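Every number for a ligand or one of its atoms is a count from 1 in the order of the listing. These numbers come from a predicted model, not from an experiment.
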Amino acid sequence: MPVNTKNRILPSEITPPEVYFNRRLFMQAGLVAGAGLALPAAADAIPAAHRRLGELRPSPFSTDEAPNTFEEISTYNNFYEFGTGKSDPVRLSHRFNPRPWSVRVDGECDKGGDITLEDLLAPHPLEERIYRLRCVEAWSMVVPWVGFPLGDLLKRFEPNSRAKYVAFETVYRPEEMPGQRARIIDWPYVEGLRMDEAMHPLTILAVGIYGVELPNQNGAPLRLVVPWKYGFKSIKSIVRISFVEEEPPTSWSLSAPREYGFYANVNPEVDHPRWSQARERRIGAGFFAGRQPTLMFNGYAEDVASLYAGMDLQRQF
Ligand SMILES: Nc1nc2c(c(=O)[nH]1)N[C@H]1C(S)=C(S)[C@@H](COP(=O)(O)O)O[C@H]1N2
Ligand SMILES: [Mo]
């Protein structure tokens, strides 16, 4: 592993490599061959402070692309609650304490209420899902998430027939989240999905990366991951899930409606008003890798294109 003198990790802090059995098996089988110099170097360099999440089932939905390193995934973040710089979240999220945690579930459902993180997780076996994350800023990463399908959770609350959308809200704790003490956006961060998007088997709630609990900067203790949409839909540190009848407001379309729509499906054919979305820079790929083409629905078109049949994706972006 390349020596990084700034963030050197002591051998005693390193999670045993068997945690990362999946990726190692991929590598042994040559399934990530071709990644060449871009092979993640520090997959097993996970500080011991991050608790392991036990047995994980591998998912058939995983991409076979080489994951970014733990360090890349946990030091290059968008989490404006901790500041707008990519390195702000890792530097400024130490005071954030995601435990204990509970989530309020309300709106158009028969079994809403407050649920603790433990009760929320208990019935759901955790999986590893290796997904591309495509940020609207035209960079991407490959992240080995740990999570379970959001739809499995939503069903437990028995949404009624008026539940057409699901709205999500991030925690508001300005004393622990320095970015919230500035008016960067209207806090709390809010997001939403149409019901069929929320129930889609590719949509997950993540509680970890690389087999350990989510670092604060990645949205501890619970965040959404919607792999065919731009990264901003994947709302972090969720405290509220509401079933609603009308399309809910979302933070980015509230602050710049011309630039960010509700759907935010990854689409190389619809440019951002200020830049192209046709290509993306893979974080950590190195200078020689160049930019790679962005795929329609981030490569998940076969699975999700039917959700948008008949919609004009140039207008409903
Ligand atoms: N609450 C909240 N969630 C958020 C954001 C944010 O600023 N606040 N940023 C979004 C954006 S723009 C991206 S690209 C992803 C980044 O996730 P990562 O830092 O785990 O890679 O989180 C999304 N979720
Ligand atoms: Mo993003």
Query - CD (Glu175) with more than 12 external heavy atoms under 6.0 Å - result: yes

Query raised in the report: Is ligand 1 under 4.0 Å from a heavy atom in the side chain of Met141, in the backbone, in both, or in neither?
Result: neither

Query raised in the report: Starting from atom 15 (C) of ligand 1, which protein heavy atom do you reach first, and at what distance in Å?
Result: Gly231 O, 3.6 Å

Requested in this report: Under 4.0 Å from a heavy atom of Cys135: give me the atoms of ligand 1 that qualify, with their elements.
Outcome: 14 (S)

Query raised in the report: Which pairs, with at least one residue in residues 273-284 and sequence neighbours excluded, count as a side chain to side chain donor-acceptor pair (under 3.5 Å)?
Result: Glu65-Arg282, Tyr76-Arg281, Arg134-Gln277, Arg134-Glu280, Ser140-Glu280, Ser140-Arg282, Glu259-Arg274, Glu280-Thr294

Query raised in the report: Which residue and non-hydrogen atom of the protein lie closest to atom 8 (N) of ligand 1, and at what distance in Å?
Result: Glu81 OE1, 2.8 Å

**Report entry** Option set Pro215, Ser234, Pro188, Ala206, criterion heavy-atom distance to atom 24 (N) of ligand 1, minimum
**Finding:** Ser234

Requested in this report: Report the part of Tyr80 (side chain from C-beta onward, or backbone N, CA, C, O) that has a heavy atom under 4.0 Å from ligand 1; answer both or neither where that applies.
Outcome: both

Query - Any Glu137 heavy atom less than 4.0 Å from ligand 1 - result: no

Query raised in the report: Are more than 12 heavy atoms from other residues, nucleotides or ligands located less than 6.0 Å from atom CZ of Arg95?
Result: no

Report task. Could you name the option among Arg134, Arg223, Lys86, Lys236 that has the heavy atom nearest to atom 19 (O) of ligand 1? Result -> Lys236

Query raised in the report: Is Trp252 in polar range of ligand 1, meaning some N or O pair under 3.5 Å apart?
Result: no

Query raised in the report: Which heavy atom of Pro144 sits nearest a heavy atom of Ile73, and at what distance?
Result: CD-CD1, 3.7 Å

Query - Between His50 and Tyr210, ring centroids under 6.0 Å - result: no

Query raised in the report: At what distance is the nearest protein heavy atom to atom 9 (N) of ligand 1, and which residue and atom is it?
Result: Asn78 O, 3.1 Å

**Report entry** Stepwise salt bridge (Lys or Arg N to Asp or Glu O under 4.0 Å) check, Lys229 with Glu197
**Finding:** CA-CA 10 Å; Lys229 291 179 181 282; Glu197 300 175 322; 2.7 Å; yes

Requested in this report: Kindly confirm or rule out an N or O of Asn218 lying under 3.5 angstrom from an N or O of ligand 1.
Outcome: yes

Requested in this report: Using the test salt bridge (charged side-chain N to carboxylate O under 4.0 Å, His left out), find all partners of Asp186 that sit at least two apart in sequence or belong to another chain.
Outcome: Arg183

**Report entry** Sub-4.0 Å atoms of ligand 1 with respect to non-hydrogen atoms of Thr170
**Finding:** 1 (N)

Query raised in the report: Hey, quick one: are Phe148 and Val146 part of the same hydrophobic cluster, counting side-chain heavy atoms closer than 4.5 Å, chains of contacts allowed?
Result: yes

Query raised in the report: For atom 6 (C) of ligand 1, what's the nearest protein heavy atom and its distance?
Result: Tyr189 CE1, 3.3 Å

Query raised in the report: Atom CH2 in Trp228, atom OH in Tyr300: separation rounded to 0.5 Å?
Result: 10.5 Å

